[in-house]
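Shown next, in structure tokens, is the structure this report addresses.
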Amino acid sequence: MLHGMYSQLRARVAPALWRKKPLATAFILSAGLLIPSAQADTSANPTHAKPNNQQACYVDGLSEQMQCGFILVPENYAKPDGKQIEIHYVVMPAIKPSDKVEALLAIAGGPGQSAIENAQGFDRMLSKVRQTQDVILIDQRGTGQSNQLQCIGDGFDSALAVNESDFDTRLETQKCLDTLDADVTQYGSLSALKDFETVRQHLGYQKLHLYGVSYGTRMAQLYMRHYPQSLVTVTLDGVVPMQQSVLAIGNAIARAFDLLIEDCTNNRLCHGQFPQLRSDLEKVDAELTQGPKISQVPDPLTGEMTQLTLTRSKFKGALRMALYSPSTRSLMPHAIHQAAKGNYQPITGLYAMGIDNAGIAMGMHASVVCGEDWQRLTPELRAKTSESYFGKEMLKTFAESCAVWNMPAVDASFSEPISSDIPTLLLSGELDPATPPSWGELAMEKLSNAKHFIAPYATHGVAYQSCGNDLIAQLVEQGSVAELDAECLNEDIRRNFYLNASTVEAIPSDTPVKLNEQTALNK
């Protein structure tokens with residue numbers, strides 16, 4: 001039953017990503033800010049085009065014909081005659097013909113996710129925008145097909161059995177660096193921004209609307225700072241303000257755990273089934289602090305028995321990734337409770353759903369975080385970050401990996417708030433485990449023509465889960481935030497919590513149950 005439940009849910013969550021895994025054990029403690037995998041679930045393999053040209057192609061998961069191509073740019077813009085790299089793009093054409101002077105550029109998260117590999121999710125979310133606007137997807141340098149900086153590690157089987165305490169971050173980072181045919185110092189956000197603007201010029205669009213999700217909101221804000229003349233509107237979804245180091249995500253994760261426990265406590269059925277959820281979580285955490293639990297479990301992918309070395313890192317990392325999506329979040333109380341009873345199969349299922357790293361190119365991830373986030377940590381921020389388990393572990397991990405990556409620090413002005421009057425919509429999910437609403441408020445500091453909406457029931461990536469996509473289409477059509485209204489975001493989109501492995505809890509006939517609760521239980 002457990003194997004079947006998690007296999008079915010995994011098929012909905014990430015059906016195309018189960019391939020050889022890039023340093024999976026490292027990612028669970030990374031600073032990843034990513035597109036929720038429940039929606040961003042399709043790999044792409046568009047046809048290659050000749051340099052500086054494009055041609056018709058098909059992207060996996062979509063039946064429509066797209067336009068694919070790439071441009072050549074200097075790896076190091078200070079050396080224009082030096083090594084050239086390919087920057088690949090896909091144009092998803094508007095449904096209705098237009099004059100093509102404007103388009104929407106959708107920027108993926110991570111840092112390290114491929115926009116093209118998430119084409120299906122972007123197409124679904126931006127379907128209304130595509131009625132009148134082309135949508136451009138660019139694989140940011142170091143991701144996807146744009147000279148991907150990927151570090152290949154062990155497969156899924158060994159990931160289940162490995163003890164993360166044996167992982168030598170400095171050694172593995174050096175091994176990764178040695179395998180990459182790239183000057184990794186050239187893969188930060190500012191170099192990528194020049195690529196984006198070059199693609200815009202190459203495609204001949206006069207102006208762009210921007211949609212950035214998660215880390216993509218940093219790229220969008222940099223676009224606002226450096227090329228404001230190229231922009232019409234901007235949407236920032238899951239906001240990473242320029243003033244904020246992404247390493248502060250540790251406190252956001254702790255907040256999201258507290259909200260999960262609060263939601264279960266306030267849910268009659270969840271609280272009745274898991275009345276000591278916080279105690280259950282603390283019990284497992286305390287046990288794993290003493291050492292890993294080694295057992296034989298059915299492989300969540302094949303059903304065959306395999307070794308599980310359940311470490312504290314693996315346990316908490318699996319739960320962290322589950323917080324990103326409403327679907328996986330709904331499984332967490334059951335998984336935590338079962339782990340407290342010594343049954344680790346549900347946790348293994350959650351771990352399996354996040355093992356693909358959401359398609360993160362870990363080399364590019366390191367280039368961005370080590371150059372833009374690690375080196376701006378003040379003593380005060382380090383102390384605050386160390387208050388949480390994830391924050392403390394991330395500081396340790398990046399101290400070792402960034403020493404090897406040796407990225408030059410961005411200028412201090414990089415962290416200044418964006419000052420702009422471009423019409424800007426900011427979207428935050430109240431339940432977000434990565435970019436909490438307070439980050440959106442921080443980004444608003446000098447945005448004079450902006451609105452910040454908080455979706456009370458959304459996690460990370462509001463537009464994927466709510467009417468946020470309608471608001472984006474309205475913004476693009478009207479070119480103004482004046483008429484935008486957040487009322488539709490109040491619709492309760494939550495899934496009820498799984499109460500057991502089959503999701504169906506037997507309810508006594510004399511127990512009153514709200515209609516929406518009964519419906520959710522039998523989905």
If you measure from CG on Asp263 to CZ on Phe497, what distance do you get to the nearest 0.5 Å? 5.0 Å
Any side-chain to backbone donor/acceptor pair from Gln345 onto Pro298? Under 3.5 Å, distance only. yes
Are Leu489 and Val462 side-chain neighbours, meaning at least one heavy-atom pair lies under 4.5 Å? yes
Contact check, side chains of His452 and Glu441, non-hydrogen atoms, under 4.5 Å: yes
Any carboxylate oxygen within less than 4.0 angstrom of a Lys/Arg side-chain nitrogen, looking at Glu387 and Arg382? no
Is there a donor in the side chain of Thr173 and an acceptor in the side chain of Trp405, or the other way round, less than 3.5 Å apart? no
Does any non-hydrogen side-chain atom of Leu160 lie less than 4.5 Å from one of Thr348? yes
Over 12 non-hydrogen atoms of neighbours within 6.0 angstrom of CD in Gln296: yes
Would you please test Ser279 and Phe274 for side chain to side chain contact (heavy atoms under 4.5 Å, CB included) and show each step? CA-CA 10 Å; Ser279 296; Phe274 314 114; over 6 Å; no
Give a yes-or-no answer on whether the side chains of Thr311 and Glu164 include a donor-acceptor pair shorter than 3.5 Å. yes
Below 4.5 Å, heavy atoms only, C-beta onward: do Val246 and Val240 meet side chain to side chain? yes
Say whether, by atom type as modelled, one donor and one acceptor occur between the side chain of Glu416 and the main chain of Met242 under 3.5 angstrom. no
Determine, for Arg218 against Asp373, whether the closest basic-nitrogen to carboxylate-oxygen distance falls under 4.0 angstrom. yes
Output, in order, the C-alpha distance, side-chain angles, deciding distance and verdict of side chain to side chain contact (heavy atoms under 4.5 Å, CB included) for Ile347 and Gln338. CA-CA 8 Å; Ile347 285 293; Gln338 288 299 309; over 6 Å; no
Worked verdict on Tyr498 versus Gln273 for side-chain hydrogen bond (donor to acceptor under 3.5 Å, both in side chains): CA-CA 10 Å; Tyr498 284 73; Gln273 187 76 355; over 6 Å; no
Tyr324 and His460: aromatic ring centres closer than 6.0 Å? yes
Whether Asn267 side chain and Cys270 backbone form a donor-acceptor pair below 3.5 Å: yes
Kindly determine whether Ile249 and Met394 satisfy side chain to side chain contact (heavy atoms under 4.5 Å, CB included), including the steps that lead there. CA-CA 9 Å; Ile249 190 176; Met394 286 178 192; 3.5 Å; yes
For the pair Ser386 (side chain) and Lys392 (backbone), establish whether a donor and an acceptor sit closer than 3.5 Å, ignoring hydrogens and angles. no
Determine, stepwise, if the pair Tyr215 / Ser189 fulfils side-chain hydrogen bond (donor to acceptor under 3.5 Å, both in side chains). CA-CA 10 Å; Tyr215 160 75; Ser189 299; 2.6 Å; yes
Going by an N to O cut-off under 4.0 Å, is there a salt bridge joining Lys341 and Asp280? no
Of all the heavy-atom pairs spanning Gly188 and Val368, show the shortest one and how long it is. CA-CG2, 4.3 Å
Quick check for you: to the nearest 0.5 Å, what is the distance between Thr302 atom OG1 and Met305 atom CE? 10.5 Å
Is it the case that the side chains of Tyr464 and Ser325 hold a donor-acceptor pair, with the cut-off being a distance below 3.5 Å and no angle test? no
Counting distance only, does the side-chain N/O of Thr217 pair as donor-acceptor with the main-chain N or O of Leu236 below 3.5 Å? no
pair Leu442-Met444: side-chain heavy atoms closer than 4.5 Å: no
Can you establish whether the number of heavy atoms outside Glu491 located under 6.0 Å from its atom CD is more than 12? no
Rounded to the nearest 0.5 Å, how far apart are SG of Cys370 and CG of Asn406? 9.5 Å
Taking the side chain from Gln150 and the backbone from Met362, do they hold a donor-acceptor pair closer than 3.5 Å? yes
Show me the donor-acceptor pairs, under 3.5 Å and distance only, between side chains in residues 286-295 and residues at least two apart or in other chains.
from	atom 1	to	atom 2	distance (Å)
Glu287	OE2	Lys283	NZ	2.9
Thr289	OG1	Asp285	O	2.7
Thr289	OG1	Arg312	NE	3.4

Side chains of Val404 and Leu171 in contact at under 4.5 Å (non-hydrogen atoms): no
Check whether more than 12 heavy atoms from other residues, nucleotides or ligands sit under 6.0 Å from atom NZ of Lys451, and answer yes or no. yes
Mind checking the CE-OH spacing from Met407 to Tyr187? Nearest 0.5 Å is all I need. 11.0 Å
Give me the atom names and distance for the closest heavy-atom approach of Asp139 to Ser114. OD1-OG, 2.6 Å
Looking only at heavy atoms, the pair that brings Pro326 and Thr459 closest together is CD-OG1, 3.5 Å
Under the criterion salt bridge (charged side-chain N to carboxylate O under 4.0 Å, His left out), I'd like the reasoning laid out for Glu262 against Arg278: C-alpha separation, chi angles, the key distance, then a yes or no. CA-CA 9 Å; Glu262 178 182 326; Arg278 186 179 293 278; over 6 Å; no
Rounded to the nearest 0.5 Å, what separation is found between the CG atom of Leu427 and the CZ atom of Phe453? 8.0 Å
Residue pair Gln221 / Ala443: nearest heavy atoms and the distance that separates them: OE1-CB, 4.2 Å
What I want to check is whether the side chains of Thr306 and Asp299 have a donor and an acceptor closer together than 3.5 Å. no
What I want to find out is whether Glu172 reaches Lys175 closely enough, with some N-O distance under 4.0 Å, to be called a salt bridge. yes
Tell me whether Asp411 contacts the main-chain N or O of Phe414 through its side chain, where contact means a donor paired with an acceptor under 3.5 Å. no
Could you tell me whether a side-chain N or O of His271 sits under 3.5 Å from a main-chain N or O of Cys264, the two making a donor and an acceptor? no
Kindly say whether Gly109 contributes a backbone atom to a donor-acceptor pair with the side chain of Ser214 at under 3.5 angstrom? no
Side-chain heavy-atom pair Leu331, Met353 within 4.5 angstrom cut-off: yes
Residue pair Gly238 / Asp432: nearest heavy atoms and the distance that separates them: CA-OD2, 4.3 Å
To the nearest 0.5 angstrom, please state how far the CD atom of Gln140 sits from the CD atom of Gln113. 11.0 Å
Using the rule side chain to side chain donor-acceptor pair (under 3.5 Å), only one of Arg376, Gln244, Gln243, Glu372 pairs with Ser415; which is it? Arg376
Please evaluate residues Leu277 and Met332 with respect to the criterion side chain to side chain contact (heavy atoms under 4.5 Å, CB included), reporting the C-alpha separation (whole Å), side-chain torsions for both, the decisive distance (0.1 Å), and the verdict. CA-CA 10 Å; Leu277 184 59; Met332 291 176 65; over 6 Å; no
Note: Pro436 and Ala252 closest approach over all heavy atoms is CD-CB, 3.7 Å
Going by heavy atoms in the side chains, are Asp123 and Gln120 under 4.5 Å from each other? no
